[in-house]
Amino acid sequence: MWDYGLRRRGPLARPGVGIAPHQDTARTWFTLHYGPVPRFRPDRWEFRVFGATAIPGKQSFSLDALRALPNSRLAGDLHCVTKMTWPDNDWGGVLLSTLLDMAPPAGDVTHLMVWAEYGYSANLRLEDVLDGRAILATHNHGRRLEPEHGFPLRLVVPHLYGYKGPKWVRGIEYMTSDRRGFWEERGFHNLGEVRLEQRYSYQEEPGEGPLL
Ligand SMILES: Nc1nc2c(c(=O)[nH]1)N[C@H]1C(S)=C(S)[C@@H](COP(=O)(O)O)O[C@H]1N2
Ligand SMILES: [Mo]
């Protein structure tokens with residue numbers, strides 16, 4: 001029994017119970033991504049918020065500015081759509097909702113594109129990242145993220161499959177309509193909700209994603 005990717009502990013936590021549908025629990029944290037691990041270049045690094053912003057124009061944040069925002073923690077499993085789960089994570093960082101308050105979207109924004117190094121992207125519905133459901137993580141279980149897991153910053157959205165959480169994230173684009181991100185264009189479900197097992201784009205119902 002589970003909820004938004006959060007694996008239940010205690011009396012219910014026995015094998016096969018408490019894990020999301022058709023996922024297997026990994027014994028060690030897997031590293032999964034397309035392409036090489038980018039090198040962190042502090043002098044060039046900035047986090048951009050652009051697109052349909054409430055205040056016209058692009059806003060940019062340094063890593064220090066982001067780290068200075070109120071810090072939060074978010075608990076959740078990391079579910080790869082390929083059926084592996086790395087359970088019971090404790091992510092530390094800045095809630096995406098906190099950043100959205102700092103650099104608000106225009107009133108007609110419905111979706112975000114989250115951009116990472118090398119042009120990786122993931123599209124998200126606004127409601128999937130509000131109210132503390134998504135975190136720009138710098139830490140896992142109190143430890144700074146390793147380069148292969150997204151240092152210095154990655155997005156984590158526990159109730160969605162892992163491809164919705166870009167590692168090495170560099171910006172957010174506010175959108176007034178939906179557009180597919182990297183894996184969403186390559187056969188994976190536009191919404192990616194774990195509870196509904198939305199894995200592949202062929203499962204999409206009308207209205208769940210832009211036409212392919
Ligand atoms: N930039 C980037 N982020 C990415 C990916 C990627 O290919 N590039 N893969 C995603 C996928 S499919 C998963 S399952 C998780 C895996 O995170 P981990 O390597 O920290 O376990 O990263 C996600 N973030
Ligand atoms: Mo994945």
Side-chain angles (χ1 to χ4, degrees), residues 2 4-7 19-41 44-48 63 66 73-94 96 112-124 128-129 133-173 179-203 209:
W2 48 281
Y4 292 118
L6 184 64
R7 191 165 181 267
I19 190 97
H22 304 113
Q23 294 291 116
D24 294 321
T25 306
R27 281 158 197 257
T28 53
W29 191 359
F30 44 77
T31 298
L32 293 163
H33 53 262
Y34 181 80
V37 174
R39 191 158 59 88
F40 174 51
R41 294 191 194 84
R44 292 210 225 151
W45 200 96
E46 58 166 0
F47 188 93
R48 300 208 308 141
L63 195 52
L66 285 179
R73 300 180 96 138
L74 184 62
D77 297 341
L78 178 58
H79 302 291
C80 178
V81 70
T82 62
K83 305 197 171 176
M84 274 186 296
T85 290
W86 179 235
D88 297 331
N89 290 283
D90 163 17
W91 302 100
V94 175
L96 199 51
L112 315 175
M113 190 70 81
V114 178
W115 290 98
E117 301 284 355
Y118 301 138
Y120 184 86
S121 61
N123 57 317
L124 293 150
D128 277 320
V129 302
R133 304 175 85 194
I135 191 165
L136 287 167
T138 54
H139 288 75
N140 179 278
H141 293 288
R143 293 209 194 115
R144 203 184 78 174
L145 289 177
E146 296 295 332
E148 65 269 29
H149 292 301
F151 175 83
L153 196 67
R154 77 176 292 171
L155 185 71
V156 178
V157 195
H159 72 286
L160 305 180
Y161 287 116
Y163 60 93
K164 291 292 190 180
K167 306 193 274 194
W168 316 296
V169 60
R170 289 289 302 275
I172 292 174
E173 176 186 356
R179 214 169 74 220
R180 288 176 190 271
F182 183 87
W183 288 120
E184 295 83 356
E185 271 186 341
R186 290 171 175 77
F188 291 94
H189 200 287
N190 189 57
L191 302 178
E193 192 161 335
V194 177
R195 184 174 59 89
L196 301 173
E197 273 206 85
Q198 294 174 329
R199 294 178 195 272
Y200 308 110
S201 41
Y202 65 73
Q203 298 171 288

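All heavy atoms count here, side chains included; hydrogens, waters and symmetry mates do not. For ligands, and for the atoms within them, numbers begin at 1 and follow the listed sequence. Everything numeric here is computed off the predicted structure, so don't read it as measured data.
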(request) Check the angle between the aromatic planes of Trp86 and Trp29 and answer parallel, tilted or perpendicular using the 30° and 60° thresholds. (result) parallel
(request) Any side-chain hydrogen bond (donor to acceptor under 3.5 Å, both in side chains) involving residues 135-144? Give me the pairs, sequence neighbours left out, ordered by first then second residue. (result) Asn89-Asn140
(request) Sequence neighbours left out, what pairs pass side-chain hydrogen bond (donor to acceptor under 3.5 Å, both in side chains) with at least one residue falling in residues 31-41? (result) His33-Lys167
(request) Kindly state whether the ring of Tyr118 and the ring of Tyr120 have centres lying under 6.0 angstrom apart. (result) no
(message) If you take the centroid of each ring, where Trp contributes its six-membered ring, are Tyr163 and Trp183 closer together than 6.0 Å?
(response) no
(message) Tell me every residue that passes salt bridge (Lys or Arg N to Asp or Glu O under 4.0 Å) with Arg154, counting only those two or more places apart in sequence or in another chain.
(response) none
(message) As a test of reading the model: which residues have a non-hydrogen atom less than 4.0 Å away from ligand 1?
(response) Trp29, Phe30, Thr31, Leu32, His33, Tyr34, Leu78, Cys80, Ala116, Tyr120, His149, Arg154, Gly162, Tyr163, Gly165, Pro166, Lys167, Trp168, Trp183
